[in-house]
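This report refers to the structure that appears directly beneath it.
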Amino acid sequence: MQLKLLHRISDYEWLLPKHDKMNVDVYIVGSKKIIEEMDDNVYNQVKNVASLPGIIDKVALLPDAHSGYGFPIGCVAAFDKEDGIVSIGGVGFDINCGVRLITTNLIYQDIEKKVESIIKAFYKKIPAGVGANGKINLTKKELKDVIEKGAEWVIKERGMGKIEELDYIEEGGCVSGADFSALTEEALAREKNQLGTLGSGNHYLELQVVEEVFDIERARVFGLFKNQVVATLHCGSRGLGHQTGVDFMNIFAKAIHKYKISIKDKELIYVPATSPEGRRYFAAVQAASNFAFANRQVISYLVSEVLNDVIKDVDTNTMYDIGHNTLKIETHKVGNAKLPLLVHRKGSTRNFAGKSQVVPKPYQFTGQPVIVGGSMGTASYVLCGKEESMEKTFGTTIHGAGRTMSRHKARESLSYEELERDLLKRGVFLKTKSREGALEESPIAYKDIEEVVNTVIKSNLSQRVARLRPLGVLKG
DNA sequence: ATGTCC
């Protein structure tokens with residue numbers, strides 16, 4: 001993206017003022033380098049998003065942003081609850097794709113020589129890769145319960161996890177407004193034993209060590225300490241969520257004729273939020289979101305089982321679990337008004353500070369944790385929201401480093417053997433279902449996580465709590 | 001991201 005098109009606010013904040021058909025400005029977070037290296041298509045995409053009807057206040061673009069379907073990945077846009085719209089590209093096809101951080105009572109020395117065997121045991125126990133199926137076979141009635149109850153169903157009905165864990169999942173592991181009947185038959189049919197499966201692409205399960213603690217107080221409340229072994233898992237709503245996106249593209253395509261909406265970019269198709277199709281999409285997104293929460297709950301339980309198989313008496317806890325492809329109704333301060341908004345977070349994470357109804361009770365005085373995923377060889381971060389982000393980005397921050405190289409280019413840039421060697425040099429053991437897939441996710445294909453994190457710190461959106469160094473990774 | 005083309 002060209003810097004000369006933007007107005008500088010600070011070294012880390014920029015503004016693309018509204019012009020042409022834009023209804024609002026675009027607020028951009030990034031260092032000079034990050035913005036200059038950002039795909040030009042991101043510029044076109046945020047301009048298009050800013051031109052959507054009923055958009056409120058601004059579009060916020062985060063430093064991990066890159067080109068996506070319709071909306072960039074790494075942005076947040078909010079629409080008036082009544083006069084606004086809902087967009088499929090604004091959520092993403094992997095609905096409620098998210099991350100969970102699992103803490104343990106182990107220190108690095110406990111597992112130093114067992115990393116390989118732990119990752120291999122993960123590989124055996126946790127289905128990963130395209131089309132992977134798990135052991136949980138749901139009847140239609142059970143699937144309906146999963147959709148309506150989210151992670152709670154997994155804990156109560158299958159005994160996979162502790163009931164207290166629900167307090168440490170975004171929205172208690174179950175968003176409201178989920179309607180089973182909003183999902184299509186095709187989406188339901190895709191759920192063929194996919195509960196408790198990791199998936200492919202950038203999804204992973206990583207064994208990590210807490211390398212550095214930046215905020216001792218918050219780390220203590222989050223249950224983190226230096227040299228501690230933790231696991232981070234990144235996955236979403238699998239085929240069910242994806243099919244929901246695909247099917248609503250068709251439902252929306254019919255609806256725009258009815259509402260006489262003309263679309264200039266088919267990837268940016270939308271319907272009025274209050275239309276039957278819009279309401280149904282909202283309910284379907286919440287439904288798929290609950291499936292994703294349940295999915296991560298199952299995998300999280302399998303992680304604790306594996307750790308207890310390989311090493312005895314391991315105590316695991318969920319530090320937090322949060323999505324980064326979401327659609328929510330939230331009240332935000334806009335100017336002097338407080339407005340209920342339809343917040344689309346696409347590859348971006350809710351980052352609420354301090355006391356808030358949606359911050360879990362144990363974290364009321366710290367603010368809500370954010371888990372920023374690394375890219376195989378690189379560090380992950382635990383961050384925490386700051387008050388300023390409420391006004392600047394609707395309480396939103398980054399979700400990862402963000403791609404800087406296309407999947408295709410990444411595959412051509414190195415061989416699998418080179419990747420494996422590079423990772424071993426970094427002290428990371430890799431096990432994957434797909435060598436091609438792993439190449440696409442090579443660390444060289446991603447931005448520098450340190451620089452991306454530094455940007456949200458310098459712009460006062462988030463604060464650092466801890467940095468996690470990868471030891472081993474299972475990829476789909 | 002995705003039973004990466006029923």
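Naming: A, B, ... by sequence-line order, numbering from 1 per chain.
Across all strands shown, A:Q194 has heavy atoms under 4.0 Å from sugar-phosphate atoms exclusively, and none from any base.
For A:S200, no side-chain nitrogen or oxygen approaches OP1 or OP2 of B:dT4 to under 4.0 Å.
Between the CG atom of A:N96 and the P atom of B:dT2 there is a distance of 13 Å, given to the nearest Å. Between the P atom of B:dT2 and the CZ atom of A:F93 lies a distance of 13 Å, rounded to the nearest Å. When the C1' atom of B:dT2 is taken as reference, atom CD1 of A:I95 falls 12 Å away, rounded to whole Å. A:N325 has its CG atom 11 Å from the P atom of B:dT2, to the nearest Å. For the pair A:N133 CG and B:dT2 C1', the interatomic distance rounds to 14 Å; values are reported in whole Å. Distance CD (A:E186) to P (B:dC6): 13 Å, rounded to an integer number of Å. B:dT4 atom P lies 14 Å from atom CZ of A:R411, rounded to whole Å. In this entry the distance linking CD of A:E440 with P of B:dT2 reads 12 Å, nearest Å.
For the side chain to side chain donor-acceptor pair (under 3.5 Å) test, no residue two or more places apart in sequence or in another chain qualifies with A:Q194. Evaluation of the side chain to side chain donor-acceptor pair (under 3.5 Å) rule for A:R411 yields A:E440 as partners, not counting sequence neighbours. Partners of A:Y363 according to the ring-ring contact (aromatic ring centres under 6.0 Å, His included) rule, which considers only residues two or more places apart in sequence or in another chain, are A:Y168, A:F222. Not counting sequence neighbours, the partners of A:T396 by the side chain to side chain donor-acceptor pair (under 3.5 Å) test are A:R345.
Residue pairs meeting the ring-ring contact (aromatic ring centres under 6.0 Å, His included) criterion with at least one member in residues 398-435 of chain A, sequence neighbours excluded, are A:H324-A:H399.
If you check residues 236-248 of chain A against DNA chain B, the residues with a heavy atom closer than 4.0 Å are A:R238, A:G239, A:H242, listed by number.
Side-chain contact annotation: A:Y281 with A:E277, donor-acceptor N/O pair under 3.5 Å absent.
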